[in-house]
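Below is one structure, written out as structure tokens; the observations come after it.
Heads up: numbering here begins at 1 and tracks the sequence.
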Amino acid sequence: MLILNNRITVDELMHIEVNTFFDDMMKCVVDIKRGLVAANAELHADLETYLLNNGSAQDDLYGINILDDGEIEFDSLINPPRNRAAGFPRVGRYVADPVARAKIEEVVDRWIVR
């Protein structure tokens, strides 16, 4: 697990550490307030905890998957509480808030060339 500190390509992201968990995607958690991306864990919850231990607030964290073609999947088990807080109580794991999705894309694009 790591917090990105340099702008990288999607291909570099897919091989960012010696051991990665998936061949065709990278699990990430985005802190939309601090503008951070944590990457490379088997579970989004592990990345969420990693960011919480590094000063992030839970309400600012969203789980995503970045596919090897650069597409973002807004899908994670850590997202439903944020969906409920934003007024979308029954949408499941998808980031339902369009404002949050736009912020996630902005942060991802700051760190990852897709």
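- Remark: Arg101 engages no residue in a salt bridge (Lys or Arg N to Asp or Glu O under 4.0 Å) (not counting sequence neighbours).
- You'll find the side chain of Val107 stays beyond 4.5 Å of the side chain of Asp109, heavy atoms only.
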Donor-acceptor contacts under 3.5 Å from residues 37-46 side chains, at least two apart:
unit_1 : atom_1 : unit_2 : atom_2 : d
Asn40  : ND2    : Glu17  : OE1    : 2.4
Asn40  : ND2    : Asn19  : O      : 2.9
His44  : ND1    : Ser76  : OG     : 3.1
His44  : NE2    : Ile64  : O      : 2.8
His44  : NE2    : Asn65  : OD1    : 3.0

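- Listed by first then second residue, pairs satisfying salt bridge (Lys or Arg N to Asp or Glu O under 4.0 Å) with a partner in residues 19-37 number zero, not counting sequence neighbours.
- Judged by distance alone, with hydrogens and angles left aside, the side-chain atoms of Asp97 form no donor-acceptor pair with the main-chain N or O of Asn83 at under 3.5 Å.
- The list of salt bridge (Lys or Arg N to Asp or Glu O under 4.0 Å) pairs with a residue in residues 54-79, not counting sequence neighbours, reads Asp75-Arg93.
- Here the CZ-CD1 distance, from Phe74 to Ile104, works out to 5.5 Å after rounding to the nearest 0.5 Å.
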Given Met26 and Val10, is the side chain to side chain contact (heavy atoms under 4.5 Å, CB included) satisfied, shown in steps? CA-CA 9 Å; Met26 180 65 65; Val10 171; over 6 Å; no
With side chain to side chain contact (heavy atoms under 4.5 Å, CB included) as the test, would you mind laying out the steps for Val30 and Val108 before giving the verdict? CA-CA 8 Å; Val30 177; Val108 167; 4.1 Å; yes
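- For Val18, there are no side-chain contact (heavy atoms from CB on, under 4.5 Å) partners, not counting sequence neighbours.
- Remark: Arg110 pairs with Glu106 by the salt bridge (Lys or Arg N to Asp or Glu O under 4.0 Å) rule, at least two apart or across chains.
- Taken together through direct or relayed side-chain contacts under 4.5 Å among Ile, Leu, Val, Met, Phe, Trp and Tyr, Ile16 and Met14 form part of one hydrophobic cluster.
- Counting heavy atoms from C-beta on, the side chains of Ile112 and Leu4 come closer than 4.5 Å.
- Alongside Val91, the hydrophobic cluster contains Phe88 (criterion: ILVMFWY side chains under 4.5 Å).
- Looking at residues two or more places apart in sequence or on another chain, you find no side chain to side chain donor-acceptor pair (under 3.5 Å) involving Asn54.
- Put simply, NE2 on His15 and CD1 on Ile8 are 11.5 Å apart, with the number rounded to the nearest 0.5 Å.
- Counting side-chain heavy-atom gaps under 4.5 Å among Ile, Leu, Val, Met, Phe, Trp and Tyr, the cluster of Leu67 also holds Phe21, Phe22, Met25.
- Hydrophobic clustering, defined by side-chain heavy atoms of Ile, Leu, Val, Met, Phe, Trp and Tyr closer than 4.5 Å, groups Leu52 together with Met1, Ile3, Val29, Leu36, Leu47, Tyr50, Leu51, Leu61, Ile78.
- Applying the salt bridge (Lys or Arg N to Asp or Glu O under 4.0 Å) test to residues at least two apart or on different chains, none of the pairs has a partner in residues 2-15.
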